[in-house]
Student: 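Just passing along the structure, written as structure tokens.
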Amino acid sequence: MTKFTWKKGISLLLVLALAVSLAVPALAADDKDENPILIVSGFAEYTLVDPATGESAFGNTDAIINTVTGVLPSLLTLLGSGKTQADYDAFCDAALPAVNALFDKIACNPDGTVKYPEVAIKTQTKGSVETLGLDYVMQADAFDKDLVRGAVDAVGADKVYVYGLDWRLDPLVVADDINEWIQMIKEETGCAKVSLAGISMGGVMVSAYVAKYGTADISNITMISAAWTGLSYIGKLFTGGVSVDEQGLYNMLTQAIGTDVLSNILGSTNILEQAIGLVDALVAADGDRIFSECLIPAFGYNPGIWSFVPAKDYEAAKSFMFARMTSTEEEKSALEAKLDAYHEIQVNAKSTLEKAQEDGVCVAIISNYNFQMPPVSTTSAMTGDQVIETAHTSGFATCAEIGKTLPDSYKDGKYVSPDRMIDASTCYFPQQTWFVKNMKHVEFSNEKNQCKFYAWLMTADKQVTVDDNSDYPQFMVYNAETKVLSPLANIRGDVNFDGQVNLVDARLVLRYTKSLETLSEVAKEAADMDENNNVNILDAKAIMNFYAGIDTADNTPSLFTTDSVTNEDTGAEILDQAQESTAEIRDALEGAVGQIGELLPFNSAAEMKSVLPDTDEILNALPEITFPQAETETQPAAETETDAQDADEPTTAAATETVTEVPAA
């Protein structure tokens, strides 16, 4: 065999090996029979309908307007009064009955049972998306529409089911209903296992189901922005900790409308300051009346709402709320039994999921952050997704307060986010918990790659970790404008997101410029070496220069966050630049080969080059493959071992050392 043939043979073997290694998992995926998915929706995602009127029993716009209109005269009277105790009492006399009437139809009895059983979910028919039709499933105005579409894309409409949640019910009663659905799904699909995903309050119900029925019928448990460990502000409210946070209110207004103009105007007129002062004074004067005559009748007897009380606040909440209930001791006892039963489930949530993993169930937890929480308690500085604090959706990550970062001592931690806002090491499951920055509570989009991430977790056939898919590392960022989910910090030039900048990345860019390769939005951002919003042949050159060690001003990879992504490729410009770049690319490749030779135990770079294929052979021999991208279906890497250990005592408060101010989203 000649030297040339030997070189060509080695190249061919390498190509075949790479092609086979990539093709085998792909073929396995094609043959894989995914389990059906049951999505358990969250609080108020499905409409509770009053059959007497045919209208929504909760959140009805007309009813809210009528209530506000009815209360307004008494509020104006209070504002113009001397604000004595008698004035506050007069306001409560007029306002509290009106508010009670607004919430009456969704209230529970003092023993924790539903007050109006005839009020029911608008659409709650058992059946798959294929059987019922996507339009029927979506008519409930659920927030998770695009997540359903993403699941359908992943496993087919015949294997996707959506459970509409009646949030008034005892979670253990809901668990019974979920079990009926699971048995029905198994019978309809012929599958032995079901993938179970809980969104928001749906995570509470997933916890209740697993605690009561175990995991014999479950393949996956996916907690998505889930309240499975509670909500801190509900814990505070149920212990009487009502406190309006002025700065938090400004932050929420700014984030809600995307500009600080309104909050600045309100601040300059002192309207918010006066309103906050009035609320604080009202609570101080008539707080007990507000709880006993309004909040408790509307929500205090509701076992579902009580599931939001964190374990650490539970006993204090019972003491505070039960003392203000006007119910009988028998009713209190019946309610307490329901509340205690779920409290034990929440306390044991970690061990329950650990047992599920031991049984072969794939567990995944997704948590969002960097949004202001409701400014109604002393916990409003906690970062979250506008609805649930990140510390709770993540199973107790250590989080900086909103707009701040963790101390410098966190810089080198394995589980610390690149923006130093999150330390995942204290999570119940640090290796199975993902974080998405700048994504609101259930801001799902199936436009680009976001729902592919959720589908990857819901369809995993083995336990995956934050290290298994370079498209979806532990910390990501969501761009609500472009709908792109991307790694929070990427290395510019690392087009295939393998943590390296090398010839493979340059080749992907070259092929893209000739329309031979498709790059995701995130990959284009990584490929744009000169940051001119144009991916062209000069970017490929810059990548090769960097790999070869050729120092130029425009080819130094840097960390970047994908907060905005453009897709403005100018074909004519690429072609013009390509005319004069071929020789330079060849020189860069030769330089790269020389660099490799200096690192290996050869006598010289020349000797290294003598046993390597020529430059043209390198380009030709590289396999025709598509590397994992954010918009293409990928196979997770092999599961890796980790020496990470769960923290015995999760840290939920931000560190008390000096913090650095950073802009909030």
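When reading the values below, keep in mind they use all heavy atoms of this one structure, side chains included, and skip hydrogens, waters and symmetry mates.
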Student: Before accepting this row, confirm whether a basic side-chain N of the pair K355/D359 lies closer than 4.0 Å to the acidic partner's carboxylate O.
Tutor: yes
Student: Are the side chain of S377 and the backbone N or O of G241 linked by a donor-acceptor pair below 3.5 Å?
Tutor: no
Student: Within the distance-only criterion (no hydrogens, no angle test), does the side chain of R168 pair as donor or acceptor with the backbone N or O of K115 below 3.5 angstrom?
Tutor: no
Student: Testing the basics here: between C399 and A391, what is the closest heavy-atom pair and its distance to 0.1 Å?
Tutor: SG-N, 4.0 Å
Student: Would you check if the side chain of S41 reaches a backbone N or O of L165 as a donor-acceptor pair within less than 3.5 Å?
Tutor: yes
Student: Mark yes or no for whether N469, through its side chain, and D471, through its backbone, hold a donor-acceptor pair below 3.5 Å.
Tutor: yes
Student: Rounded to the nearest 0.5 Å, what separation is found between the OG1 atom of T113 and the CG atom of L169?
Tutor: 10.5 Å
Student: Donor-acceptor pair, distance only, cut-off 3.5 Å: does the side chain of Q372 make one with the backbone of S380?
Tutor: yes
Student: Using modelled atom types only, decide if a donor and an acceptor are shared between the side chain of N449 and the backbone of L485 within a distance under 3.5 Å.
Tutor: yes
Student: Do K159 and C191 have side chains that get closer than 4.5 Å, going by heavy atoms?
Tutor: yes
Student: Would you say the side-chain atoms of Q432 pair up with the backbone N or O of Q463, donor to acceptor, closer than 3.5 Å?
Tutor: no
Student: Would you please classify the geometry between the W306 ring and the F238 ring as parallel, tilted or perpendicular, with 30° and 60° separating the classes?
Tutor: perpendicular
Student: Please find the pair of heavy atoms, one from P36 and one from Y161, that lie closest to each other, and give the distance.
Tutor: CB-CE1, 4.5 Å
Student: In terms of relative ring orientation, are F435 and F475 parallel, tilted or perpendicular, with 30° and 60° separating the classes?
Tutor: parallel
Student: Would the distance check show the side chain of Q386 and the main-chain N or O of F371 forming a donor-acceptor pair, the cut-off being under 3.5 Å?
Tutor: no
Student: Tell me, yes or no, whether the heavy-atom count around K338 atom NZ, taken from other residues, nucleotides or ligands under 6.0 Å, exceeds 12.
Tutor: yes
Student: Compare every heavy atom of A349 with every heavy atom of W228, then report the nearest pair and how far apart it is.
Tutor: CE3-CB, 4.0 Å
Student: Can you tell me how far CD of E447 sits from NZ of K483, rounded to the nearest 0.5 angstrom?
Tutor: 6.0 Å
Student: Looking at P110, is its backbone amide N or carbonyl O close enough to the side chain of E331 to form a donor-acceptor pair, meaning the two atoms are under 3.5 Å apart?
Tutor: no
Student: Name the one of N446, V129, D153 that satisfies side-chain contact (heavy atoms from CB on, under 4.5 Å) with V148?
Tutor: V129
Student: Tell me whether the rings of Y209 and Y213 are parallel (<30°), tilted (30 to 60°) or perpendicular (>60°).
Tutor: parallel
Student: What heavy-atom pair brings S200 and I388 nearest, and what distance separates the two atoms?
Tutor: OG-CD1, 4.0 Å
Student: For the side chain of T426 and the backbone of F396, is there at least one donor-acceptor N/O pair under 3.5 Å apart?
Tutor: yes
Student: With under 30° as parallel and over 60° as perpendicular, where do the rings of F43 and W167 fit, or are they tilted in between?
Tutor: tilted
Student: Out of curiosity, N438 CG to Y478 OH, how far, rounded to the nearest 0.5 Å?
Tutor: 11.0 Å
